[in-house]
Structure formats: C-alpha cells, structure tokens
Participant: 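Sharing a structure here in structure tokens format.
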Amino acid sequence: MNQPPIKVPKIRINAEHQRLLWLNFSPALIFGIMTLYAFFIFWGYNSNNFRTNPSQFFNYLFIVGNIAYIISNFVLIILIKRSISSDIKSHVWDQLRMSSLSAWQMTWTRLITAPVLAWISILVSTTLISIGIIYGDSRFSDFFSSPLLQWSLYILHSWMIASIFLINYLQFNRSQSEWQGSLLHCILLYLVINTFIVGNMLHLGKQLLSLIDSDAGLISLNSNPLLGLFIIFAIYISLGVWQSSAYKLHLKSSNLYWFISTLLLPIILWTYQSLWFVNVQSLLFYMTLIYGIAIIFSLSIQDNRISTLKYAFKLIQQKHWQQAIKILPIWMPLFSIYLLLLIPYGLMTAKVTGHYIDSLIFLICYGLIILVTIKISKHYNAITLALVWFLILKFIFTIFINIF
C-alpha cells in the first residue's frame with residue numbers, strides 16, 4: 001500500500017520577526033520618542049502668535065519634522081547595521097542560514113522589525129511635515145499636489161535608504177581584495193560616481209537636450225512623476241536586497257537578477273517618461289547613465305579577483321552557462337552593451353559623441369585601475385587603494401587639462 005507523501009507544514013509565524021521585535025521594541029523607548037517630539041512641538045508654540053499668524057507655527061512644524069526625519073534616517077541605518085553585526089558576533093547568522101525561513105522573510109524583518117523605533121520616528125516626523133505643508137505657507141505647498149503623495153515620497157525615500165545600506169552591510173566576511181562596505185569605501189565610491197555624473201553625464205545630457213525639438217514640451221518634475229520614479233527604484237532595490245539576502249543566506253547567486261533588472265531599468269524609465277513626452281535621446285541618456293553607474297558598482301563591489309574571472313571564462317569555454325552566470329560580474333556584459341551605444345551616438349553631432357567617448361574612457365580607466373590593484377595589492381585592501389588612486393589621478397588630470 002502506497003503511503004501518501006509527507007507534507008511539510010508552512011511556517012506562517014516569522015520567528016525572526018518575533019526575535020528582533022523582542023530585542024528592538026520597547027514601550028518605554030516609544031514613550032521617550034513621543035515625549036521628545038511633544039517637547040519640541042510645544043516649545044515652538046505661542047498662543048498669541050498662533051492667533052495672529054498660525055502659518056508661522058506650521059512652518060516651524062515643517063522644519064522640526066524635516067530635521068527629525070534626517071536624524072531618524074541616520075538612526076535607521078545604525079540600527080540595521082547593529083542588528084547584523086550583533087548576529088554575526090553571536091553566531092546567530094549561522095543558525096539563520098540553517099533555518100527554514102525564506103530569504104524574503106528574513107529580509108523584511110531586517111528592514112522593518114530591527115529598526116522599528118526609527119520607522120516609528122519617521123512616521124511621526126513625516127506627519128509633522130505633512131501638517132506643515134498643508135497649513136503652512138511653505139514654498140513646497142505648490143510642489144506637492146496632495147499630502148498623501150508627499151508622505152509617500154518620504155516613506156519610499158527611507159525605504160530605499162534602508163535597502164541600499166542593508167545590501168552594503170551584507171557584504172561581510174569577504175577577502176582583502178574585495179569590497180568591505182566600510183564607511184570609507186562608501187564615501188570614496190560616492191565621490192567616484194559623483195565625478196562620473198558631474199564630469200561626464202551632465203555635459204552629455206546638455207548636448208542631448210540641445211538636439212531635442214523645443215516644441216517637445218518638456219515638463220517640470222513635480223510630485224506626481226517623481227512618485228512614479230521613486231516606486232520604480234524602490235521595487236528595483238527591494239528585489240535587489242532580497243536577492244542579496246538569498247545569496248548570503250543560501251548561496252543563491254544574485255548576478256542574473258542584477259543584470260536583467262539593470263538592463264531593463266532605463267527602458268522602464270523611458271517608458272514611464274513617455275507618458276509625458278517621447279524622444280530617443282532620453283532613452284540613450286538613461287542607458288548611458290544607468291549602465292555606467294552599474295558598471296562602476298560592479299567593478300567596485302562584485303568579486304573581480306583574477307582567479308574568479310579566469311574560472312568564469314573557463315566555464316564559458318566549457319559551455320557551463322549557468323555556473324558562469326553565477327560568478328561572472330555583470331560589468332562584463334553591460335560594458336559590451338555600453339560599447340554598442342557608440343553606434344547611435346556616432347550618428348549624432350561630434351560634441352555628443354565626444355562626451356560619450358569621454359564617459360567610455362572614464363569607465364575603461366577605472367576598470368583597469370581596479371583590476372590592476374586587485375592583482376598587485378597584497379597587504380592592503382585593493383578596493384580602497386583603487387578608489388583613492390583613481391580619484392587622485394582624476395584630480396591631477398583635471399588640473400592638467402585646465403592648465404594646458
């Protein structure tokens with residue numbers, strides 16, 4: 001007699017959520033946060049001034065809310081980092097890897113439950129900002145078409161910040177030749193990306209805009225289109241942090257997700273933008289900007305050790321495509337596509353093509369410095385040295401160009 005297969009019951013109660021809630025939630029701390037908010041609210045309240053000019057008080061609430069919002073986001077980042085660091089030191093992370101909870105169950109608890117106090121403060125601060133915008137005479141009142149849109153932008157912004165930093169904090173226990181996710185690394189990478197955008201993309205964008213018909217009717221970016229952009233990037237980053245958690249917990253490579261989603265991202269942005277106006281130049285700009293930034297991230301963060309690259313190429317030669325995709329950094333296929341963009345740029349004016357070639361040279365130089373530093377660095381972190389050397393050489397080159 002055949003026995004029916006054993007059905008494993010689904011876990012409907014997230015034990016990780018309960019554990020992090022016990023560790024991070026406290027009614028006393030909630031009371032302290034609310035008391036602090038009440039103190040600052042009543043400190044700026046004056047009954048006489050409120051009768052004559054109530055908008056002044058609501059403008060004060062707007063300022064207090066924004067300051068509290070900024071502080072709350074810093075606390076959000078600190079609590080996420082502290083949660084991961086404490087679990088690594090206490091070896092709880094190793095136990096989580098062997099649990100039956102899914103990667104997404106453990107991801108959203110890191111994003112929401114671990115920094116629950118920061119999220120409560122963010123909700124209160126954004127409420128104060130909304131009240132200040134509705135009843136005050138701030139210049140932002142005309143920008144936001146509704147308080148709900150404004151509130152959504154602030155919440156999505158905090159969600160993206162939490163997701164980005166969680167992805168960064170998951171880069172632990174890596175070799176000396178790889179990204180460590182330290183504060184120094186984040187600052188240096190920000191400077192490199194900012195140099196890429198300011199030094200190349202702004203000039204390229206200006207040249208492309210000059211080719212667009214003046215009757216195209218470019219719209220100003222008010223809160224309605226901005227909310228859509230925030231939603232697109234929030235989904236992109238949320239799925240990314242889920243995939244990164246799956247890799248760290250269950251060794252499921254996230255390379256395929258990052259490649260496909262990054263490949264589609266400029267097309268999705270262009271399609272969304274096409275609801276208001278359509279032009280091919282904007283699609284090229286989105287592809288150049290996003291692919292360029294993604295290449296810089298991939299070169300900096302992913303495993304670009306020479307041994308890893310050689311092994312990936314060996315798998316490709318043996319036609320083991322799935323294994324190769326799992327370890328091949330996404331900058332390689334993205335850079336091939338980036339090179340192909342030279343064809344449409346070549347059909348435009350010489351200035352546009354020249355600025356695109358400048359961005360291409362920027363990426364080539366950065367990639368060479370990263371790969372060479374990884375190869376020769378033995379005693380110091382290769383990514384730190386590469387970022388510092390690139391910024392120094394870029395600074396010297398800029399001075400040299402300006403002088404001569």
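The shown structure was predicted, so the numbers you read here are calculated from the model rather than taken from an experiment.
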Participant: State whether the number of non-hydrogen atoms from other residues, nucleotides or ligands found under 6.0 Å of Phe230 atom CZ is greater than 12.
Facilitator: yes
Participant: Would a 4.5 Å heavy-atom cut-off, applied to side chains only, mark Met106 and Ser245 as touching?
Facilitator: no
Participant: With Ile232, which residues qualify under side-chain contact (heavy atoms from CB on, under 4.5 Å), at least two apart?
Facilitator: Leu265, Ile268, Leu269, Tyr272
Participant: Looking only at heavy atoms, what is the nearest atom pair of Gly367 and Leu299, with distance?
Facilitator: CA-CD1, 3.6 Å
Participant: For the residue pair Ser175 and Asn381, what are the closest heavy atoms and their distance?
Facilitator: O-ND2, 4.5 Å
Participant: What side chain to side chain donor-acceptor pair (under 3.5 Å) pairs are there with at least one residue in residues 194-204, not counting sequence neighbours?
Facilitator: none
Participant: For the atom pair CG (Leu387) and SG (Cys186), what is the distance rounded to the nearest 0.5 Å?
Facilitator: 10.5 Å
Participant: Nearest 0.5 Å, what's the OG-NZ distance between Ser254 and Lys248?
Facilitator: 10.5 Å
Participant: Pairs in or reaching into residues 358-386: which pass ring pair (Phe, Tyr, Trp, His ring centres under 6.0 Å), with residues at least two apart or in two chains?
Facilitator: Phe196-Phe362, Phe362-Phe390, Tyr366-Phe390
Participant: Taking side chain as C-beta onward, heavy atoms only, is Leu363 less than 4.5 Å from Ile296?
Facilitator: yes
Participant: Checking Gln150 against Ser130 for the side-chain hydrogen bond (donor to acceptor under 3.5 Å, both in side chains) test, could you report, in this order, the C-alpha distance in whole Å, the side-chain angles of both residues, the deciding distance, and whether it holds?
Facilitator: CA-CA 7 Å; Gln150 169 269 325; Ser130 299; 2.5 Å; yes
Participant: What residues, two or more places apart in sequence or in another chain, satisfy side-chain contact (heavy atoms from CB on, under 4.5 Å) together with Leu289?
Facilitator: Ile197, Met201, Phe285, Ile293
Participant: Please examine the side chains of Cys365 and Ile361, heavy atoms only from C-beta on, and report whether any two atoms are closer than 4.5 Å.
Facilitator: yes
Participant: Taking the side chain as every heavy atom from C-beta outward, state whether Leu284 and Pro344 have any pair of such atoms under 4.5 Å apart.
Facilitator: yes
Participant: Quick one: closest heavy-atom pair of Leu111 and Pro115, and the distance?
Facilitator: O-CG, 3.3 Å
Participant: So, using side-chain contact (heavy atoms from CB on, under 4.5 Å) as the criterion, who are the partners of Gln318 when residues are at least two apart?
Facilitator: Lys314, Leu315, His320
Participant: With sequence neighbours excluded, tell me which residues meet ring-ring contact (aromatic ring centres under 6.0 Å, His included) with Tyr345.
Facilitator: Tyr356
Participant: Please report the closest heavy-atom contact between Ser298 and Asn304, naming both atoms and the distance.
Facilitator: O-ND2, 3.0 Å
Participant: Please say whether more than 12 non-hydrogen atoms of neighbouring residues, nucleotides or ligands are located less than 6.0 Å from CH2 in Trp242.
Facilitator: no
Participant: I'd like to know if the side chain of Ser244 reaches the main chain of Gly240, judged simply by a donor and an acceptor atom lying under 3.5 Å from each other, with no hydrogens or angles considered.
Facilitator: yes
Participant: Look at the side chain of Ser261 and the backbone N and O of Tyr257, then say whether any donor-acceptor pair between them is shorter than 3.5 Å.
Facilitator: yes
Participant: Is the backbone of Phe259 close enough, under 3.5 Å, to the side chain of Thr262 for a donor and an acceptor to pair up by distance?
Facilitator: no
Participant: Kindly indicate whether the side chain of Met287, heavy atoms from C-beta on, has any atom under 4.5 Å from the side chain of Ile267.
Facilitator: no
Participant: Can you tell me how far NZ of Lys351 sits from CD of Gln207, rounded to the nearest 0.5 angstrom?
Facilitator: 5.5 Å
Participant: What verdict does the ring pair (Phe, Tyr, Trp, His ring centres under 6.0 Å) test give for Trp331 and Tyr291, after you've listed the backbone C-alpha separation in whole Å, the side-chain angles of each residue and the deciding distance to 0.1 Å?
Facilitator: CA-CA 9 Å; Trp331 67 263; Tyr291 293 168; over 10 Å; no
Participant: What pairs with Asp87 under side chain to side chain donor-acceptor pair (under 3.5 Å), at least two apart in sequence or on another chain?
Facilitator: Arg19, Arg110
Participant: Output yes when a side-chain donor or acceptor of Glu178 lies under 3.5 Å from a complementary backbone atom of Gln176, and no otherwise.
Facilitator: no
Participant: Could you tell me if the side chain of Ile357 sits less than 4.5 Å from the side chain of Leu342, heavy atoms only?
Facilitator: yes
Participant: Can a side-chain donor-acceptor contact be found between Tyr69 and Ser158 if the only test is distance below 3.5 angstrom?
Facilitator: yes
Participant: Determine yes or no for a side-chain-to-main-chain donor-acceptor pair under 3.5 angstrom, with Gln302 supplying the side chain and Ile330 the backbone.
Facilitator: yes
Participant: Atom CD in Gln171, atom OH in Tyr247: separation rounded to 0.5 Å?
Facilitator: 8.5 Å
Participant: Evaluate Ile306 against Tyr311 for side chain to side chain contact (heavy atoms under 4.5 Å, CB included), listing each step before the verdict.
Facilitator: CA-CA 9 Å; Ile306 305 302; Tyr311 181 59; over 6 Å; no
Participant: Please assess Leu76 against Asn73 for the test side chain to side chain contact (heavy atoms under 4.5 Å, CB included), listing each intermediate value before the final yes or no.
Facilitator: CA-CA 5 Å; Leu76 177 70; Asn73 278 282; 4.2 Å; yes
Participant: Minimum heavy-atom separation for Met348 to Thr353, with atom names?
Facilitator: O-OG1, 4.2 Å
Participant: According to side-chain contact (heavy atoms from CB on, under 4.5 Å), who are the partners of Trp321, at least two apart in sequence or on a separate chain?
Facilitator: Ile316, Lys319
Participant: Under the criterion side chain to side chain contact (heavy atoms under 4.5 Å, CB included), I'd like the reasoning laid out for Trp108 against Thr113: C-alpha separation, chi angles, the key distance, then a yes or no.
Facilitator: CA-CA 8 Å; Trp108 72 259; Thr113 311; 3.7 Å; yes
Participant: Going by the rule side chain to side chain donor-acceptor pair (under 3.5 Å), which residues pair with Trp119 if we only count those two or more places apart in sequence or in a different chain?
Facilitator: none
Participant: Would you say Gln105's side chain and Ser102's backbone share a donor-acceptor pair under 3.5 angstrom?
Facilitator: yes
Participant: Decide if atom CH2 of Trp151 counts as having more than 12 heavy atoms of other residues, nucleotides or ligands within a radius under 6.0 Å.
Facilitator: no
Participant: Is there a donor-acceptor pair under 3.5 Å between the side chain of Ser83 and the backbone N or O of Leu79?
Facilitator: no
Participant: Is there a side-chain contact between Tyr236 and Leu264 in this structure, where contact means two heavy atoms from C-beta onward sitting under 4.5 Å apart?
Facilitator: no
Participant: Can Asn66 and Tyr154 be counted as having a side-chain donor-acceptor contact under 3.5 angstrom?
Facilitator: yes
Participant: Check this for me: Phe172, atom CZ, are more than 12 non-hydrogen atoms of other residues, nucleotides or ligands nearer than 6.0 Å?
Facilitator: yes
Participant: Quick one: side chain to side chain donor-acceptor pair (under 3.5 Å) partners of Ser72, sequence neighbours excluded?
Facilitator: Ser121
Participant: Taking only residues two or more places apart in sequence, or in another chain, which ones meet Thr373 in a side chain to side chain donor-acceptor pair (under 3.5 Å)?
Facilitator: none
Participant: Checking the side chain of Ser125 only, and the main-chain atoms of Ile122 only, is there a donor and an acceptor separated by less than 3.5 Å?
Facilitator: yes
Participant: For the CG atom of Asn24 and the CG atom of Leu117, what is their distance to the nearest 0.5 Å?
Facilitator: 7.0 Å
Participant: Give me the atom names and distance for the closest heavy-atom approach of Val352 to Leu208.
Facilitator: CG1-CD2, 3.8 Å
Participant: May I ask you to test the Leu309-Ile327 pair for a side-chain heavy-atom distance under 4.5 Å?
Facilitator: no
Participant: Going by ring-ring contact (aromatic ring centres under 6.0 Å, His included), name the residues that satisfy it together with Tyr37, two or more places apart in sequence or in a different chain.
Facilitator: none
Participant: Taking the side chain from Asp303 and the backbone from Trp179, do they hold a donor-acceptor pair closer than 3.5 Å?
Facilitator: no
Participant: So among Asn168, Ile301, Ile383, which one has a side-chain contact (heavy atoms from CB on, under 4.5 Å) with His185?
Facilitator: Ile383
